[in-house]
Amino acid sequence: MQYDVVIGLEVHAELNTKTKCFCSCKNQYGQSPNSNCCPVCVGLPGALPVLNGEAVKKTIKAGLAMGFEINKTAIFERKNYFYPDLPKAYQISQLEKPICINGSLRIFDKDIPINRIHLEEDAGKLIHQGNISMIDYNRGGVPLIELVTDALKEPHIESADEAIEFLTKLRQIYIYAGVAECELEKGQMRADVNISLKPKGSAEYGVKVEMKNIMGFKSVYRAINYEINRQKEILDDGGTILQETRKWDDEKGESFTLRTKENSEDYRYFPDPDLIAIHISDEDIEEIKKSLSPLPDQLKQIYTSNYGLSEYDADVILADKKISDFYNQCVALYPQPKTIANWITTEILARIKNNEDIAISGENLIWIIKTVDEKKLQRNNAKELLSIIWGTDLDAQTEAKSRGLLSDLDQSVILGILDNVLKEKAEVVEQYKREKDPKILNFLVGQVMKASLGKANAQEIMQILREKLN
Ligand code: ADP
Ligand code: MG
Ligand code: ZN
């Protein structure tokens, strides 16, 4: 039987605020366990939460980046459940009045509808070692935004590929908007995936299965395909899908039941009496809108339409915000966007393979590119120069001069060298005149380059030789 696949995503991302959501503890990853907590974020009785305004602003910013409506009044509620990573036995979250509602995200020409983005606090982290489980509350109280797609509206996310595209674009938007770092290895972005199947074309939705907290996009991809196939097999055999929450085991490459609908928790949400409602004015929204820097889709439009880059090159540059920032800086210094893109997608990217920093200044790179364009620096020498100054404070121009890398020989000197070579290699010259073999011409160019210690311009030499010998 043929099925339509319907996928709903719930995506959590930690905001990159300076402090936690309801206390003044630092929002910082990688501290020693339980060293970054206070009575508020470990939930000691009597401690009172104070809302971090920066977290609210960044939530609004995330929403504006995807065309969400902003609720003028938003409230915090208590989501009650018992688990050791949650010291208060409730999480401060939002249900009825989240900050952002009704947005969308465009993937592959489809505008995927999104219900909401709400602000909540992250829980602590359990660490299991053999028979012992330990708890680190440093992450407790870190501001978290949860985005929930609306799988019951069309168009749907229908495949693992589309889900990954959605997550990839969402991650880029958060990073470009400057609201979250979304480093996947640090668990700063995590997704729950809801999947159901229905007979092809049917209007009625199937029973959904939820897979919780899958780490990393590769695992999300595998988990989705596994779940689609699992449901297909059950339905093909005439079975029914159980509404349940499953856990993905990445090592085994399969999922297993965590809990079924029957015993699913009732979170008993109610407004948190410790926190007053958030009021958001039109002026607040305008101000945040103005502070929003260009997003990947807008930049892609500029790169392809105005700068004439290929879609591929534009995507390569935009895949990493630090590359795109660097590219924009270089284009501002020297308005040759295509040439600069070529250098960045080859020479620069090759040198930052392991996600390292760009270890050259825009000024130095542009000096090199310009000097090559002016034919005063050979490409080979330019690459050598790039390697010399990469990761140092050296100045490109000074190094090029002091190391004799510039093609600053007089035209007359070069012509003299060329004439010498023609005399010395008279036999080869005769052979070329007879055979017109381009390999021989290349050999002669090589001889001139060698005699000029690499300072001549190979293309120019080639041209002069052609004129002289043809
Ligand atoms: P729950 O209360 O179980 O978390 P929600 O209503 O909050 O369920 O929905 C969670 C996610 O699942 C949302 O993205 C929602 O759009 C999606 N979803 C709801 N019904 C279905 C379905 N039949 N198939 C796939 N996804 C669904
Ligand atoms: Mg849910
Ligand atoms: Zn704290």
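Bear in mind the structure is a predicted one, so any value in this text is a computation, not a measurement. By convention here, the first residue in the shown sequence is residue 1. Counting starts at 1 for both ligands and their atoms, following the listed order.
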Cation-pi check, R351 onto W343 ring (under 6.0 Å, within 45° of axis): no

Test of understanding: given a 4.0 Å heavy-atom threshold, classify the contact between V207 and ligand 1 as side chain, backbone, both, or neither. neither

Which of the protein's N, O or S atoms come within less than 2.8 Å of the Zn ion (ligand 3), not counting waters? C23 SG, C25 SG, C38 SG, C41 SG

Y221 six-ring face occupied by K218 cation (under 6.0 Å, within 45°): no

Going by the order shown, which atoms of ligand 1 are within less than 4.0 Å of some heavy atom of V148? 13 (C), 14 (O)

Could you tell me whether T149 and ligand 1 have an N or O pair separated by under 3.5 Å? yes

Donor-acceptor pair between Y3 and D236 side chains, under 3.5 angstrom: yes

Within a distance under 4.0 Å of any heavy atom of G206, pick out the atoms of ligand 1 and give their elements. 23 (N)

Are any side-chain N or O atoms of Q298 and backbone N or O atoms of P294, one a donor and one an acceptor, separated by less than 3.5 Å? no

Short N/O distance, under 3.5 Å, between L152 and ligand 1? no

Atom indices of ligand 1, in the order listed, that fall short of 4.0 Å to a heavy atom of D150: 16 (O)

Strictly below 4.0 Å, N to O, side chains only: are K125 and E14 in salt-bridge contact? no

Should K110 and E165 be marked as a salt bridge (Lys or Arg N to Asp or Glu O under 4.0 Å) after you check the CA-CA gap, both sets of side-chain angles, and the distance that decides it? CA-CA 11 Å; K110 296 207 271 196; E165 177 72 5; over 6 Å; no

Residue A151 vicinity, atoms of ligand 1 by number, heavy atom under 4.0 Å: 16 (O), 17 (C), 18 (N), 26 (N), 27 (C)

Can you confirm whether more than 12 heavy atoms, excluding those of E254, are under 6.0 Å from its CD atom? yes

Check the angle between the aromatic planes of Y267 and Y269 and answer parallel, tilted or perpendicular using the 30° and 60° thresholds. perpendicular

Can an N or O of Q243 be found at a distance shorter than 3.5 Å from an N or O of ligand 1? no

For L9, the ligand 1 atoms whose distance to one of its heavy atoms is below 4.0 Å: 14 (O)

Can you tell me if E244 uses its side chain to pair, donor with acceptor, with the backbone of R259 under 3.5 Å? no

Taking the side chain from Y327 and the backbone from P337, do they hold a donor-acceptor pair closer than 3.5 Å? yes

Return a yes/no value for K208: is any of its N or O atoms, backbone included, closer than 3.5 angstrom to an N or O of ligand 1? yes

Hey, are the side chains of I368 and L385 touching, using non-hydrogen atoms and a 4.5 Å cut-off? yes

